[in-house]
Amino acid sequence: MVAWFAAHGRDLPWRAPGTDPWAVLVCEVMSHQTPVARVVPVWLRWLTRWPDASALADDSPGEAVRMWGRLGYPRRALRLHETAVAVRDGHGGVVPGTYEELLALPGVGPYTAGAVAAFGFGRRAVVLDVNVRRVLARVHDGADPTAAAPTVGERARAEALLPVEASTSVAWNAAVMELGALVCTARAPRCPECPLQADCAWAADPPPARSRTTRRQPWHGTDRQVRGRIMALLRASHGLVEEATLLAVCDDPAQARRCLDSLAVDGLAERADDGVRLPL
DNA sequence: GATGCGTGGAT
DNA sequence: TATCCAAGCAT
């Protein structure tokens, strides 16, 4: 596993020696449901502008949302800004190092808390992202994990497999995650290239077809699409945007209104007297 | 536990 | 062209 990673792991910028926990946290949050290739340039620009948590906390949430650009799920930018404030005001500007403290930060869930503990602090922590889940489930069960959140059983198995020694566990986490991203992929896994092939239930008996358990949400005409269009207009403007301009992003005025309202509730848009803008 | 939440490249 | 999918989290 670890040898495979040394030979085939990607040379991602946050894997450079000396990357501090805050930079790791930023990269982990940006990577939620987002391809790594899209994260890299934003992460580099982000840390150039705000090298640490306090620098981000001292700027406005709206600037964080603007810098987030088209990464998607812009509420993550808001939560990352909230986390920066929490680190500045509650932890003396230093990212806390325990799983429990990390989990308490806004926008930080079980995956991110484990990833920062492991990759930011070198600690032994279960890192259960979709890649690790897929690798472990296929090796053990010969089937893909469910679409639902990880079960206690999955977590227990990951814990049981995780090497005891801290630095070894960090390397193991990185290797399994990378294996899931590059070899044990969701579609068309490259089993002949996999170091676990000999011990893998999936490789021994590949399932014939994919079973679709949950129906995916359609895209065209959804509130998500309309919200995205409104946010794109707000990011592009450094001042107020006329509400009528924002409401023109789709044909259905009621939907446009609903979406603008929901963005305001989320804190992604702020209404002023004569327009709308990103939060100050 | 099921839903909602962006975006764009790959197939 | 339509669907799948990518380092999840909050409600």
Side-chain angles (χ1 to χ4, degrees), chain A residues 5 9-10 12-15 23-43 65 68-80 82-83 102-120 125-135 144-152 154-155 158 170 173-182 184-189 209-235 249 258-259 262-263 265-269:
Chain A
F5 181 78
R10 291 167 291 182
L12 300 173
W14 44 82
R15 288 178 178 163
V24 171
L25 197 162
V26 171
C27 126
E28 296 301 341
V29 172
M30 287 182 173
S31 298
H32 296 168
Q33 305 282 285
T34 307
V36 162
R38 210 174 303 164
V39 170
V40 170
V42 181
W43 183 81
V65 171
W68 197 259
R70 305 188 69 80
L71 276 183
Y73 295 141
R75 292 185 297 190
R76 292 183 292 167
L78 232 39
R79 298 269 147 72
L80 189 53
E82 293 170 21
T83 277
L102 289 163
L103 194 59
L105 296 171
V108 175
Y111 161 73
T112 306
V116 174
F119 306 132
V126 171
V127 178
L128 209 51
D129 78 325
V130 67
N131 292 306
V132 175
R133 292 183 67 198
R134 191 170 53 243
V135 171
D144 279 329
T146 67
T151 64
V152 290
E154 281 184 88
R155 182 160 281 275
V170 172
N173 277 324
V176 177
M177 215 191 306
E178 191 78 337
L179 190 69
L182 299 182
C184 193
T185 51
R187 275 189 294 193
R210 310 288 310 276
S211 61
R212 180 91 278 139
T213 53
T214 59
R215 193 179 196 83
R216 302 186 85 84
Q217 192 182 40
W219 174 248
H220 286 287
T222 61
D223 285 3
R224 299 166 78 158
Q225 185 181 40
V226 173
R227 283 168 55 104
R229 289 178 183 166
I230 292 173
M231 288 308 299
L233 290 177
L234 290 177
R235 285 194 307 268
V249 297
R258 178 174 71 242
C259 289
S262 74
L263 288 170
V265 168
D266 287 346
L268 286 165

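All heavy atoms count here, side chains included; hydrogens, waters and symmetry mates do not. Quick caveat: nothing in here was measured; it's all calculated off a predicted structure.
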Has the side chain of A:R75 got a donor or acceptor atom that lies under 3.5 Å from a matching backbone atom of A:G267?
-> no
For A:A181 and for A:G107, find the nucleotide of DNA chain C with the closest heavy atom, then tell me which residue's nucleotide is more 5'.
-> A:A181
In whole Å, what is the span from the CH2 atom of A:W68 to the P atom of B:dG6?
-> 12 Å
Contact class for A:R38 (heavy atom, under 4.0 Å): base, sugar-phosphate, or nothing?
-> base
Is A:R134 touching bases, backbone alone, or none of the nucleic acid, heavy atoms closer than 4.0 Å?
-> sugar-phosphate
Would you find a donor on one side and an acceptor on the other, under 3.5 Å apart, between the side chain of A:S262 and the backbone of A:C259?
-> yes
For the side chain of A:R227, counting heavy atoms from C-beta on, which of C:dC9, C:dA7, B:dG6 is nearest?
-> B:dG6
Compare all side-chain heavy atoms of A:L102 with those of A:T112 and state whether any distance is below 4.5 angstrom.
-> no
Rounded to the Å, how far apart are A:Q225 CD and C:dT3 P?
-> 14 Å
With a non-hydrogen cut-off below 4.0 angstrom, is A:W43 in contact with a base, only sugar-phosphate, or nothing?
-> nothing
Closer than 4.0 Å, any side-chain N/O of A:Q33 to the OP1 or OP2 of C:dG8?
-> yes
Between P of B:dG6 and CZ of A:R79, the distance in whole Å | 11 Å
Round to the nearest Å and state the distance from A:Y73 atom OH to B:dT7 atom C1'.
-> 9 Å
Is it true that a side-chain atom of A:R76 and a backbone atom of A:M30 form a donor plus acceptor pair closer than 3.5 Å?
-> yes
Using whole Å, report how far CG of A:L263 lies from P of B:dC5.
-> 9 Å
What distance, rounded to whole Å, do you find between the two P atoms, one in C:dA10 and one in B:dG8?
-> 24 Å
Taking for each residue the nucleotide of DNA chain C with the nearest heavy atom, is it A:L103 or A:M177 whose nucleotide lies nearer the 5' end?
-> A:M177
Ignoring hydrogens and angles, tell me if any N or O in the side chain of A:N173 forms a donor-acceptor pair with the backbone of A:A125 under 3.5 Å.
-> yes
Look at all strands and tell whether A:R70 reaches a base, only sugar-phosphate, or nothing, counting heavy atoms closer than 4.0 Å.
-> sugar-phosphate
base_contact_polar (B:dG6 base, A:R224 side chain, donor-acceptor, <3.5 Å) | yes
Which part of the nucleic acid does A:R235 contact within heavy-atom distance under 4.0 Å: base, sugar-phosphate only, or nothing?
-> sugar-phosphate
At under 4.0 Å between heavy atoms, what does A:L12 touch on the DNA or RNA strands: base, sugar-phosphate, or nothing?
-> base
To the nearest Å, how far apart are A:R75 CZ and C:dA10 C1'?
-> 7 Å
Do A:H32 and A:V39 touch side chain to side chain, with heavy atoms closer than 4.5 Å?
-> no
Have a look at A:T112 and say if it touches a base, only the backbone sugar-phosphate, or nothing, with a 4.0 Å heavy-atom cut-off.
-> sugar-phosphate
Determine whether any donor atom in the side chain of A:T222 lies under 3.5 Å from an acceptor atom in the base of B:dG4, or the reverse, and answer yes or no.
-> no
Between B:dC5 and C:dA7, how far apart are the P atoms? Round to whole Å, please.
-> 23 Å
Counting any heavy atom closer than 4.0 Å, what does A:V130 reach on the DNA or RNA strands: base, sugar-phosphate only, or nothing?
-> sugar-phosphate
At under 4.0 Å between heavy atoms, what does A:V108 touch on the DNA or RNA strands: base, sugar-phosphate, or nothing?
-> sugar-phosphate
Determine the Euclidean distance between corresponding C1' atoms of B:dG1 and C:dG8; express it in Å to zero decimal places.
-> 16 Å
With a 4.5 Å limit on heavy-atom distance, are the side chains of A:W14 and A:V40 in contact?
-> yes
Within this structure, what is the CG-to-C1' distance between A:L234 and B:dG6, rounded to whole angstrom?
-> 15 Å
With heavy atoms under 4.0 Å as the rule, sort A:G72 into base, sugar-phosphate or nothing.
-> base
Answer yes or no: side-chain N or O of A:R187 and base N or O of B:dT11 forming a donor-acceptor pair under 3.5 Å.
-> no
Grab the CG-C1' distance between A:L80 and C:dG8 for me, whole Å please.
-> 14 Å
